[in-house]
Amino acid sequence: MDVDDLSDVDNTDVHVGVPRNSGIDLGDPLYLHPSDNPDDMLVSVPLSGVGYRSWRRSMLRGLSVKNKLGFINGECKRPDPHSPKFHQWERCDEMVTSWILNSLSKEIADNVEYANDSMELWIELEDRYEQTN
């Protein structure tokens, strides 16, 4: 019996542990996997002020894998505060912000931690560290 056969036994997608008929869209950027943790660090080396482009590329890759690029590039916009999706968006944005902050040296994180959301944080880092030749 292979993994896909097992999912038929209990009507659960064994790849992610979510019931198939749960109504949860795993492709929605507002979905957080149970293993997602605000203490996660998405890159192996925190940004210390040098190597920004390499750090940026690694962060973009990590956020892409987690389907969260929309939070920093403006595609996943903050909903109206009265929207039923507002609290879920806010929760996901806080998670993305935490991932970014955890991927910075303490000195850099201390200087940018008061950004209002992950997109503002990302833009602040781009403004400070993106250098053109």
Side-chain angles (χ1 to χ4, degrees):
M1 184 177 276
D2 69 16
V3 170
D4 291 326
D5 293 333
L6 291 174
S7 63
D8 293 334
V9 173
D10 65 1
N11 203 27
T12 299
D13 187 333
V14 296
H15 301 288
V16 293
V18 175
R20 286 199 182 145
N21 298 325
S22 68
I24 296 172
D25 179 2
L26 303 179
D28 188 330
L30 297 181
Y31 171 74
L32 286 172
H33 189 274
S35 68
D36 286 337
N37 184 319
D39 293 330
D40 288 346
M41 192 165 126
L42 301 186
V43 297
S44 58
V45 178
L47 177 65
S48 63
V50 295
Y52 174 76
R53 288 186 179 182
S54 176
W55 174 88
R56 180 183 186 275
R57 183 177 172 101
S58 294
M59 280 301 298
L60 290 172
R61 187 176 294 116
L63 291 170
S64 176
V65 166
K66 292 191 173 282
N67 196 24
K68 301 295 184 263
L69 278 178
F71 286 88
I72 63 165
N73 68 17
E75 289 178 11
C76 189
K77 297 185 185 313
R78 178 189 307 265
D80 180 86
H82 302 299
S83 166
K85 291 191 172 196
F86 178 75
H87 292 295
Q88 184 65 22
W89 181 91
E90 196 171 45
R91 186 171 161 237
C92 288
D93 188 69
E94 291 290 343
M95 185 73 76
V96 172
T97 299
S98 294
W99 291 335
I100 296 170
L101 289 171
N102 289 339
S103 299
L104 303 172
S105 70
K106 181 178 177 359
E107 295 78 24
I108 294 174
D110 286 348
N111 287 316
V112 296
E113 70 180 328
Y114 295 105
N116 291 316
D117 57 40
S118 60
M119 189 165 92
E120 184 178 299
L121 172 57
W122 190 259
I123 291 169
E124 179 70 23
L125 292 168
E126 293 258 304
D127 289 347
R128 288 180 186 218
Y129 298 102
E130 178 64 29
Q131 303 279 332
T132 56
N133 292 332

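In this chain, numbering begins with 1 at the start of the sequence shown.
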Could you tell me whether a side-chain N or O of [X] sits under 3.5 Å from a main-chain N or O of [Y], the two making a donor and an acceptor?
X      : Y      : answer
Trp122 : Ile100 : no
Thr97  : Ser118 : yes
Asp36  : His33  : yes
Asp40  : Leu42  : no
Trp89  : Phe71  : no
Trp99  : Asn37  : yes

field: Stepwise side-chain contact (heavy atoms from CB on, under 4.5 Å) test for Arg128 and Val112
entry: CA-CA 10 Å; Arg128 288 180 186 218; Val112 296; 3.9 Å; yes
message: Salt bridge check, Arg78 against Asp93: does any charged N sit closer than 4.0 Å to a carboxylate O?
response: no
- request: Using distance alone, with no hydrogens and no angle criterion, decide if Tyr52 and Glu126 have a side-chain donor and acceptor under 3.5 Å apart.
  value: yes
- line: Under a side-chain separation threshold of 4.5 Å, the hydrophobic residues clustered together with Tyr114 are none
task: Would you kindly confirm whether Val96 and Tyr31 end up in one hydrophobic cluster when ILVMFWY residues are joined by side chain heavy atoms under 4.5 Å apart?
output: no
query: Do Leu125 and Met119 belong to the same hydrophobic cluster, where Ile, Leu, Val, Met, Phe, Trp and Tyr are linked whenever their side-chain heavy atoms lie under 4.5 Å apart, directly or via other members?
result: no
task: Determine, stepwise, if the pair Val43 / Ser54 fulfils side-chain contact (heavy atoms from CB on, under 4.5 Å).
output: CA-CA 10 Å; Val43 297; Ser54 176; over 6 Å; no
- prompt: Does atom CZ of Arg57 have more than 12 heavy-atom neighbours, drawn from other residues, nucleotides or ligands, at distances under 6.0 Å?
  reply: no
